[in-house]
Every structure is written in structure tokens, then in C-alpha cells.
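Everything numeric here is computed off the predicted structure, so don't read it as measured data. The sequence lines fix the lettering, A, B, ..., with proteins before strands; numbering per chain opens at 1.
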Amino acid sequence: MTLDYSQQHLIKMANQIAGNMPSRENVPAQIVQHMAQFWTPPMRADLKKIAENAPDSFSDDVLAALALQD
Amino acid sequence: MNKPIEIAIEDLDLGTPATLSESTVTVHIDGNAVDVPAGTSIMRAASLAGTQIPKLCATDSLDAFGSCRLCLVEVEGRKGTPASCTTPCEDGMSVKTQTTRLDKLRKGVMELYISDHPLDCLTCSANGDCELQDMAGVVGLRSVRYEEGSNHLAASTDNSNPYFSFDASKCIVCSRCVRACSEVQGTFALTIAARGFESKVSPSEENAFLDSECVSCGACVQACPTATLQEKQVINLGVPTRKVKTTCAYCGVGCSFVAELRGDELVRMVPDKHGGANSGHSCVKGRFAWGYATHSDRITRPLVRETTDSEWREVDWPEAIAFAADRFKAIQQQHGIDALGGITSSRCTNEEVYVVQKMVRASLRTNNVDTCARVCHSPTGYGLKQTFGTSAGTQDFASVQKADVIMVIGANPTDAHPVFGSRMKRRLREGAKLIVIDPRSIDLVQSPHIKATEHLQLQPGTNVAVVNALAHVIATEGWIDEAFVQERCDVASFNAWRRFITLSENSPESLAEVSGVPAEAIRSAAATYAKAGNGAIYYGLGVTEHSQGSTMVMAMANLAMATGNIGRDGVGVNPLRGQNNVQGACDMGSFPHEFSGYRHVSDDTVREQFTALWGVDLREEPGMRIPNMLDAAVSGQFRGIYIQGEDIAQSDPNSQHVADALNAMDCVIVQDLFLNETSKFAHVFLPGTSFLEKDGTFTNAERRINRVRPVVPPASGMAEWQVTCALSEAMGYAMDYASASEIMDEIAALTPTFAGVSFDLLDELGSIQWPCNEQAPEGTPIMHAQRFVRGEGQFITTPYVPTDERSTRKFPLLLTTGRILSQYNVGAQTRRTDNTVWHAEDILEIHEADAELRGVSDGDWIEVASRAGSTRMRAHISSDIPAGVVYTTFHHPVSGTNVITTDNSDWATNCPEYKVTAVEIRPSSAIAVGM
Ligand code: SF4
Ligand code: SF4
Ligand code: SF4
Ligand code: FES
């Protein structure tokens with residue numbers, strides 16, 4: 001799947017959030033909470049779609065967070 | 001003839017500054033008893049009692065000097081005639097200010113002055129505004145007995161400064177200018193050269209003002225009692241005849257000014273001595289650089305065009321509003337309501353910002369509203385809210401006067417916040433210690449009578465590593481203020497933080513290599529701060545504009561809490577805000593996830609209050625931030641934007657991406673003073689108002705709400721908030737306000753921290769620091785005094801995560817950006833003033849070793865390339881930066897600094913990482929532009 005600029009940006013943002021979460025405990029839950037607070041629903045939905053097609057682009061914590069959102 | 005301005009009692013010059021003593025003494029001035037604080041001069045006591053003692057060398061902004069001998073008085077029981085400006089009152093003292101002996105002595109003094117002064121009062125530009133002339137009248141001098149002898153009447157005039165002239169023939173060598181430059185401004189540019197009759201005022205080493213160290217703050221001009229130092233505007237236009245109190249619209253210091261006019265023509269801006277933020281001082285921008293407001297480039301009639309390659313068409317207001325509304329409605333119909341959004345401006349008033357975010361939320365029915373503060377202080381919002389509970393600096397500016405150790409991180413106060421910089425320098429000269437954490441050797445590191453105790457010259461991008469290392473030392477050396485932590489903070493979060501910070505990975509030794517700061521320097525700085533007594537942190541964009549900007553804000557908050565440096569005078573964590581109303585724009589609900597007062601849109605109780613007052617259902621999900629809007633525009637989902645007073649095509653990172661995004665939109669509305677880079681992509685241009693035309697409030701970096709009063713009517717015929725309201729109404733949602741004051745009333749009704757604020761109270765008190773409510777009816781200078789806004793202070797662990805932006809073989813240097821004193825932001829205003837004499841272009845500073853390696857000499861044109869783009873500018877070899885780092889400013893569009901900055905951003909807030917870009921430099925001919 002070729003990713004456009006905004007998709008690449010979403011991936012980068014998500015991975016960066018995962019990498020910077022202050023507490024290393026329960027990072028996926030923190031990511032979910034952060035995205036609920038600061039991301040629009042379409043951004044979250046887009047991220048999920050990208051992850052389905054290009055899971056390799058994401059850190060494990062982001063993938064776990066997306067699984068939690070189900 | 002114009003009548004001179006009447007001086008209100010509170011504006012009287014009392015001769016000497018107030019003393020801070022709490023005990024009082026009673027003195028009798030010409031028989032009238034007056035109580036004054038101990039240590040008050042006789043001159044000031046007399047003034048307070050209603051008697052003005054003649055004076056020349058004294059003024060109440062400067063310490064008494066006692067050189068002119070005009071202020072002599074008689075004190076019962078004492079011999080001689082002491083100078084009243086240098087003699088403190090003693091309890092029971094009885095003073096005579098008017099006797100025949102004193103009259104005679106004063107006349108003699110005046111006679112000497114006048115004998116060496118040009119007798120051209122009637123044609124002098126200061127006629128009616130000259131203390132020498134006034135004093136001659138006061139002492140009743142009618143004639144001069146001396147024959148013409150040696151004098152200074154032929155001395156020359158220095159016109160080199162663009163804003164003021166120095167006519168040495170009129171100088172009475174009272175030294176007020178010299179003292180203003182040292183005591184108030186702290187630049188020490190002036191001296192009295194030579195002695196006796198030969199003595200004269202001289203800018204450093206007898207240079208012309210422009211070539212000296214003078215930073216053109218104008219304090220000397222204001223202090224000068226004669227026409228020697230005088231604004232060129234006054235010389236050209238004559239002395240002012242009316243005045244209006246208002247607030248500077250440049251930086252986040254928020255200086256109060258008295259605008260002095262003749263009719264509708266502004267003659268000069270005089271800093272207000274009652275100004276809460278500035279106490280009578282100013283910098284070159286606020287005092288002098290306001291000519292842009294009447295610049296011929298100003299657009300004062302609305303413009304529209306079908307496509308961005310067609311010509312602009314001047315239209316009237318109704319047509320412009322209808323055009324904009326039609327376009328916006330068409331977008332909504334075709335692409336849905338989330339295809340629109342707005343950006344509010346930190347340069348606009350609280351009221352103007354509030355109505356824009358209200359229009360977006362209530363009329364456009366989306367939460368796609370963001371503010372230009374996204375690109376500067378959004379990490380402050382995030383970090384301070386998480387730790388302390390609200391997004392605001394903890395102190396008032398005056399608090400710095402009580403600090404024992406001042407830590408300046410990623411800020412350059414003498415250039416970017418000059419009036420606060422002067423205040424800080426005064427405290428440093430009094431002996432407070434200074435720690436500077438910055439890749440660059442900023443002025444404060446070493447300036448007259450100031451030397452930093454420590455300068456931690458870190459690699460760009462390693463702030464968190466350095467602050468973690470400082471905290472590690474404090475925690476492992478046992479310097480934690482355990483009592484404060486136990487009493488005021490969330491102890492579980494503290495314990496988790498302590499476990500984290502004491503890990504060996506956070507030790508100064510472990511982090512020395514990555515940060516470039518020797519471990520001993522960190523250990524010594526940690527001791528200085530932890531044992532300070534009062535330790536105060538001041539920070540700027542060098543903290544926030546990083547991929548770990550938010551983490552860094554929390555790391556500083558941890559440090560302050562761990563050492564108990566929160567909640568009283570002299571301590572705190574203080575963001576120095578870039579633009580004038582960054583604090584206000586954030587307070588007013590400009591972020592897509594928050595209503596005014598930093599309350600999340602998902603909070604049902606809060607949303608219901610807004611719904612009830614605004615009469616419309618509001619969305620409970622956050623909207624898009626600026627970078628999200630731009631991304632969505634490029635992918636075709638976001639189609640129209642309202643941009644209030646901000647030039648995002650120049651100020652935002654990765655200019656090419658911004659341009660692509662704006663180009664992809666069907667309707668870009670720009671509300672601004674001038675056509676700019678962003679308006680090249682616009683379909684509608686709505687003329688804005690300059691600060692001289694605005695009616696409203698700005699909130700400065702210390703949460704101080706200041707009134708901005710209209711000095712002249714809006715050039716476009718409409719206030720900016722009226723234009724926004726008109727568009728909102730055309731979109732189907734009416735916002736009816738009769739005045740800006742009504743908008744503030746609504747803000748107060750909906751925002752708990754503003755509950756007590758009104759224009760009436762502001763007029764009464766002068767200014768108010770929020771929170772202002774029932775508990776604090778006159779505002780809150782110092783926050784978190786008894787408890788944190790969130791209850792207990794929250795420690796948050798702050799692991800250092802290196803930025804992705806690293807130097808590579810292809811881009812081996814790290815570029816960092818900053819500001820200089822004379823220019824402001826993207827320069828739209830200051831470039832349209834004579835401030836360009838100090839900074840005509842952006843220059844790249846480069847270390848000698850890096851320059852030599854690349855064959856670059858001082859002054860050469862060079863090419864700066866990053867992975868995002870490339871641009872050209874001139875190089876300056878500088879020892880202020882370490883090898884491997886280069887530095888530039890972003891004040892001129894031609895240099896296109898943001899062509900090279902990347903889309904890296906803060907992990908939590910998307911604040912762009914302006915402070916770190918990997919670049920390569922080559923002599924200009926070696927690579928092509930735009931590569
Ligand atoms: S303008 Fe300011 S810096 Fe310049 S000489 Fe006067 S007081 Fe000093
Ligand atoms: S320039 Fe003005 S303030 Fe300075 S010594 Fe001369 S008269 Fe006094
Ligand atoms: S310090 Fe800032 S607010 Fe004060 S005059 Fe200068 S630019 Fe204006
Ligand atoms: S005013 Fe007191 S000596 Fe000059």
C-alpha cells in the first residue's frame with residue numbers, strides 16, 4: 001500500500017505518542033486516552049484503516065492501542 | 001494653539017522612587033504633617049503633600065543623584081541647605097521648601113544653567129515640554145547676569161538613531177540619561193565623558209548612538225529633562241495635546257503605554273509608569289516601531305477574487321461578507337461541516353479571538369479551531385496542565401525581584417522580552433545567581449555587570465536529558481524539599497518519579513555525551529538551584545519547539561515541585577510568551593479540544609453551559625489542529641479556512657507543505673493588516689485593525705489582562721470582531737454585541753477564571769491577573785499559593801527520547817532559530833518601520849571551524865539545505881554557538897527560513913520542532929535553490 005503524506009504523518013504521530021508516553025506502564029491505554037482527548041474521530045478511524053493495511057509501520061504499543069479501541 | 005496636556009495627580013513626577021519600608025515616619029513640610037514610609041526622600045514627601053520642590057537631576061524612575069542643587073531645602077535644627085532629593089525624611093523633621101534664602105540660591109543655580117543654554121525656547125521643539133524651561137519659570141529667573149564666555153552652544157547634533165536625536169548644545173549634564181540607561185535598561189551604553197566644564201554625555205566610546213551598544217529603548221529620551229534627547233516625531237510634529245492609555249501589541253511582556261497625540265496623529269508612545277508589567281519602561285518596538293499602523297501597504301478595503309491567480313477586486317463590506325459566506329456554505333454542502341475551520345491569532349484581542357472560536361464552534365458547527373500558539377506554546381498548555389492543573393505562568397513579573405537563583409532555559413529575554421529582561425538584569429546586578437541552559441551564548445551569559453554562574457551549552461534537542469540530569473543530582477544528593485512534596489504534591493506520583501529519576505541512566509555522567517554538557521557543570525548547577533532559597537525558572541520557545549516540548553515543560557515542573565520552588569514570591573515556572581496575546585488566545589478557547597478556561601469539549605457540564613448561552617448544540621469531540629487541517633487539505637477533505645491575523649505560509653514549518661495545503665482549498669479567508677505570503681493563496685481578504693484601532697484586552701505572559709483602547713478609529717471602518725460577527729450571521733448564526741465590553745461580559749459569564757473581569761473593573765484597577773473571581777476579586781499575582789489548581793501537584797516521569805531529526809553525513813549541522821530585539825515574528829510590522837536599520841536581513845550564524853571546513857567567510861552568501869528544502873542567506877562567523885550548530889532568525893520572508901524547517905513536532909501537541917533541523921551549508925554557488 002502506498003501511503004500519502006497525511007497517512008505517513010498520522011503514523012509518525014501515533015508512533016511518537018507511543019514512544020513518549022511518560023509512564024512505561026500500560027502504554028496502549030494511555031495512547032487510547034491521549035487520542036480520545038486530542039484526535040478527531042476521522043483521524044482515529046483513518047489510523048485504524050492504515051494499520052489494517054500496513055501494520056509494519058506501527059510500534060507494538062500503537063497496534064495494541066488500536067486493538068483496545070474496538 | 002493646542003493646549004498642553006494636563007498632568008493628572010497620579011502622573012506627577014514625585015522626584016525619587018518609592019521605598020519599600022513598612023514603617024512610617026511623620027514629617028512637616030512647610031507646616032503640613034505628612035506620613036511617609038521610612039527612607040522616603042524629603043522631595044518625594046513634599047510632592048505627596050502637594051508641594052513640588054524645583055528639581056532637575058531627579059526623577060522618580062531613578063535613584064537620587066544630587067548633582068543639580070536646585071532642590072535645596074531648609075531643615076529645622078540643621079545647618080546648611082541639604083538637597084531634598086538625597087535627604088531621607090526622619091520622624092518629626094520640619095522642612096521649609098520656600099524661603100528667601102532658598103529662592104536666591106535656586107535662582108543662582110538656574111542662572112548658571114541658562115547661561116550655557118541656547119535661548120531659543122520659543123522655537124525649541126520642546127517648548128512647553130521642557131523641565132529646564134519650567135524650572136526657570138518656577139524659580140522666577142528673569143535675566144542672566146553673566147557675560148557670554150565659554151559655552152557648549154556650538155556642540156553638534158547626533159541624528160544617527162532613526163527615532164530620536166541628541167542635540168548636545170542643550171545638555172545640562174544632569175546624568176539622568178546615563179542613569180536611565182544603566183539603572184532602568186541595564187545596557188550601560190552612556191557615560192559622562194571628561195570632567196568639569198568639559199564633561200559631556202557620550203554613547204560608548206564616543207560613538208554615534210547608532211554605532212554604540214545602545215538598543216534604542218528610549219529610556220534616556222524619556223528621562224531627559226531638556227530637548228537634548230528628543231523623539232524626532234516630537235521635533236517634526238510638535239508636542240502632543242491628548243493622550244490615551246493602551247497596551248503594546250508586540251511581545252508577551254504587555255507593556256502599558258500612554259499614546260500621546262495631536263488630533264488623530266500619534267506623536268509618541270510613552271510607557272506608563274503605572275503599567276503593571278513594565279512600570280514605565282519599554283523597548284524599541286513598543287516605544288518607536290508603530291509606524292506600520294499607518295504604512296501605505298495597509299489594506300483598508302475588503303478584497304475578493306474567484307481564483308488565486310486572478311486579480312483582487314475591491315468590494316464593500318456587505319459584498320465581501322456575502323462572498324465569503326457563499327463559498328463557505330457551498331463547501332459545507334459539498335464536503336460536510338468538518339471541511340471548514342478557523343485559526344485565531346495571538347496578536348488579536350481576547351474579544352476578537354473569542355468571537356472567532358465561537359463562530360467556528362457555534363456557526364460553522366465544528367471544533368476545527370486552532371491558534372497560532374500551536375506553533376509556540378502549546379506544550380506549555382499541555383505540560384503545566386498535567387502537572388499543576390492549568391496552563392499559565394505561576395508568577396507575576398515583579399516576582400523576579402525576590403529570586404535568588406534565576407534559571408533561563410531556551411529563552412533570550414533581553415531580545416525577545418526586553419522589558420522583562422531589564423527587570424531580570426536589575427535583579428542579577430543585585431546579586432542573584434544565573435543559570436543559562438541554551439545552545440547559544442545569549443546576551444545574559446555575559447553582559448555589563450552580569451555573568452552567568454553556569455552556562456549549560458547543550459546540543460539542540462537534549463533539553464529533557466539536561467533537566468533530568470539536574471533532577472537526578474537533586475534527588476540523589478538528598479536536596480528534595482520533602483516537606484513541600486508531602487504536603488502539596490501527589491505522593492504516589494512523586495515516588496514513581498523519584499524511582500525513575502534516580503536511575504543511573506539519568507545521571508549527568510550518563511547523559512554528558514548526548515547533551516554535550518560536562519557532568520560537573522550539571523552537578524554544580526543542580527546545587528545552585530536546589531540550595532537557592534528562591535529558585536525561579538523562566539523559559540521560552542527553546543523549550544517548547546521540540547519533539548519533546550511537552551515532556552520538557554513537565555520536567556521543569558517536576559524540578560520546581562521537588563525543590564519546593566512553587567507558590568510564593570521569587571520562585572515558579574514561567575513561560576515567556578512570544579506574541580502579545582499568546583496567553584489570551586489560549587485562554588479564550590482557541591484549541592480544538594477546549595472551551596475557554598481550558599475545559600475539554602467532552603465535559604458535559606461545561607458544554608451544557610455553553611449550549612445554554614449560545615443557544616446551539618455543540619460538538620463533544622475535539623476538532624483538528626492546524627497541521628491536521630493542512631494534511632486534510634492536501635488529501636482533499638478540508639476545503640475552507642478563516643485565518644485571523646497570522647501568516648501561516650511564512651510562520652509555519654515546511655512552507656512547501658503549507659503552500660500545497662492552502663492551494664488545495666476552495667476558500668481561504670485572511671483577516672490581516674497587509675497582504676502577505678498566506679494571502680497569495682486567499683480568495684477573501686478582510687482588512688484588520690492595528691492595535692491603535694482596537695478596543696479590547698490582551699493578556700500577557702504573567703496572566704495580566706490589560707486594556708487596549710482605541711487611539712484612532714478603525715481605518716477599515718469596522719472592528720475585527722464586528723467583521724467576524726457579520727460573517728457568522730451570514731452563515732446563519734447571529735452574534736449580537738454592542739461593544740467589545742459585552743464580549744468580555746460573556747467570557748466572564750462562561751469562564752470561571754475570568755468570572756470577575758469586566759472593562760469597568762479593568763478601568764478601575766488598571767489591569768488584572770487571572771484568576772479573578774469571588775475568591776480573588778482583584779486577581780491573582782502568584783498561583784498555586786495554598787494548593788495547586790489541580791489539587792495536589794502531579795509528578796510525571798519524563799524519559800528522554802531523542803528527536804528523529806539528527807545530524808547525518810548529508811546534513812551534518814543542527815540549525816536552531818531565534819529572535820532579535822528589533823524585529824518581531826515574521827516581521828510584517830517591524831519590517832515596515834525604521835527598525836530595519838538594525839536588522840535588514842536574516843543572517844546565519846556559524847562557528848569558525850564549521851565555516852572554515854566549508855570555505856565560508858564572514859558575510860558570504862551561503863546555501864542552507866535540509867531534507868525539506870533549501871534557502872540562501874548571508875553567513876556570520878560567531879563564537880556564540882558551538883561547533884556543529886548554526887543559528888538564524890526568521891524575520892524576513894525572502895530568507896524563507898521555514899522552507900528548510902521540517903514537519904517534526906512535539907509528540908503531545910504537534911508544536912513544530914523549529915529548534916532542531918539537520919542542515920548542510922555550502923557557499924551559495926555550490927547548490928541550487930529549492931533543491
Ligand atoms: S536608548 Fe536605551 S539603550 Fe540607548 S542609550 Fe538610551 S537608555 Fe541606553
Ligand atoms: S542628555 Fe538630557 S538627561 Fe542626559 S545629561 Fe544631558 S540633559 Fe541630562
Ligand atoms: S517589551 Fe514587549 S510589550 Fe514591552 S514595549 Fe517591548 S515589545 Fe512592547
Ligand atoms: S534634584 Fe536634587 S540635586 Fe538635582
Per-residue contact mode, A/Asn20 against chain B (heavy atom under 4.5 angstrom)
both
Cut-off 4.5 Å, heavy atoms of chain A, and the answer for B/Ser550 is neither
Residues in side-chain hydrogen bond (donor to acceptor under 3.5 Å, both in side chains) contact with B/His335, at least two apart in sequence or another chain:
none
Looking at B/Asn904, B/Ile796, B/Asp660, which one has more heavy-atom pairs under 4.5 Å with chain A than the rest?
B/Asn904
Do B/Thr797 side-chain atoms and A/Pro22 backbone N/O form a donor-acceptor pair below 3.5 Å?
yes
Just wondering, more than 12 heavy atoms not from A/Gln33 lying within 6.0 Å of its CD?
no
Could you look at B/Asp338 and say if it's the side chain, the backbone, both or neither that has a heavy atom under 4.5 Å from chain A?
neither
What part of B/Asp906 gets closer than 4.5 Å to chain A, counting heavy atoms only: side chain, backbone, both or neither?
backbone
Ignoring hydrogens, what is the shortest heavy-atom contact between A/Gln37 and B/His600? Give both atom names and the distance.
O-NE2, 2.9 Å
If you count heavy atoms of other groups shown closer than 6.0 angstrom to CG of A/Asp60, is the number above 12?
no
Chain A contact via B/Tyr382 - which portion, at a heavy-atom distance below 4.5 Å
side chain
Under 30°, 30 to 60°, or over 60°: which ring-plane class applies to B/His593 and A/Phe38, parallel, tilted or perpendicular?
perpendicular
Count the heavy-atom pairs under 4.5 Å between each of B/His657, B/Arg619, B/Gln386, B/Glu594 and chain A, then report the option with the highest count.
B/His657
Between A/Ala18 and chain B, with a heavy-atom cut-off of 4.5 Å, which part of the residue counts as in contact: side chain, backbone, both or neither?
neither
